[in-house]
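Worksheet: the structure to be examined is printed underneath.
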Amino acid sequence: MDHSESSLLDAVLASIDETPDPRLRQILTTVTRHLHAAVRELRPTNREWEQAVEFLTAVGQKSDATRQEFVLLSDVLGVSMLVETINGADTGTESTVLGPFHMVDSPVRELGESIDLVGKGEACVVTGSVRDVDGTPLAGATIDVWQCDENGFYDVQQPDSQPAGNGRGLFHADDKGRFWFRTVVPSHYPIPTDGPVGDLLTATRRHPYRPAHVHVIAEAPGHTPLTTHMFVADSPYIDGDAVFAVRGSLVTEFAEVTEPAYAERYGVSAPFRHAHFDIRLTRAAA
Ligand code: BEZ
Ligand code: FE
């Protein structure tokens, strides 16, 4: 049968109309409708459509067990953050993207321990608390943190020069829901650009940088796990994150502290930087 541009869409929609799973039917219908609308609007040449397929093929070929180029594509197009926003709780600490560097388990560490195993960056103490949205301290909550070093690299990116587990730690909050640990101030850094997503950024004259941040996953029984970041307030790119993940409520002062007594309390020497991050978790649906 011959098809006009719009009857072609109708034929495809009719072909999926008997899909038994209603959610799958809805997803296929919506995606097909929007895809056809985009193609009708853009009117690609055959060569342009081939290039689109080649681009997506390259995204797939770049992905493996440790590199997820499709997630990166979703990140730079703002889709990861859109999904976070749709699914985030209305109360409690705001969430943000997981990112691709949580690929190894964080070593379990004692409160006060350093996650920095190298000692070259600017000393930093992070303190904070984990509470229910009603303010009740969540004793024993877990706080999983990971960050890049002062040069902008995660341990997994530099296995020859950084010890495994550098910049990572899994802490248990004390009986008042408090946590504290030592680290170095992380740097801003570029997302991986050696793949098709990097080519896309170049073609669109976009920079690849993320502002400095410490990743956090906080969990407590009976509560919804939270994936978020502490963003370093005075970091470059704080207003221009390549993956659109900054939320104002997560921007945290990493204040310079000069008092030696304060430094001694945390086992660092002055001057150092101190960041405080209070986390509120929402109760999981029963
Ligand atoms: C990260 O913060 O680790 C990250 C997030 C999205 C894309 C690339 C890196
Ligand atoms: Fe990161």
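Whatever order the structure lists them in is the order used to number ligands and atoms, beginning at 1.
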Tally of protein N/O/S atoms under 2.8 Å from the Fe ion (ligand 2)? 4
Please tabulate, one line per pair, the protein N or O atoms found under 3.5 Å from any N or O atom of ligand 1, giving the distance to one decimal.
unit_1, atom_1, unit_2, atom_2, d
ligand 1, 2 (O), Y189, OH, 2.6
ligand 1, 2 (O), R210, NH1, 2.5
ligand 1, 2 (O), H213, NE2, 3.0
ligand 1, 2 (O), H215, NE2, 3.0
ligand 1, 3 (O), Y189, OH, 2.8
ligand 1, 3 (O), H215, NE2, 3.1

What pairs with R131 under side-chain hydrogen bond (donor to acceptor under 3.5 Å, both in side chains), at least two apart in sequence or on another chain? none
Under 30°, 30 to 60°, or over 60°: which ring-plane class applies to F181 and F171, parallel, tilted or perpendicular? parallel
Taking only Lys NZ, Arg NE, NH1 and NH2, and the carboxylate oxygens of Asp or Glu, determine whether D105 and R168 approach each other closer than 4.0 Å. no
According to the interplanar angle, ranging from 0 to 90°, do the rings of Y154 and Y189 count as parallel (below 30°), tilted (30 to 60°) or perpendicular (above 60°)? perpendicular
Qualifying salt bridge (charged side-chain N to carboxylate O under 4.0 Å, His left out) pairs with a residue from residues 88-97, counting only residues at least two apart or across chains: E94-R247
Using 30° and 60° as the class boundaries, would you call the ring planes of Y262 and H274 parallel, tilted or perpendicular? perpendicular
For atom OH of Y209, decide whether the heavy atoms of other residues, nucleotides or ligands shown that lie under 6.0 angstrom number more than 12. no
Is a donor on one side and an acceptor on the other found under 3.5 Å between the side chain of R280 and the backbone of T91? no
Could you label the plane-to-plane angle of the H215 and W146 rings as parallel, tilted or perpendicular, counting under 30° as parallel and over 60° as perpendicular? parallel
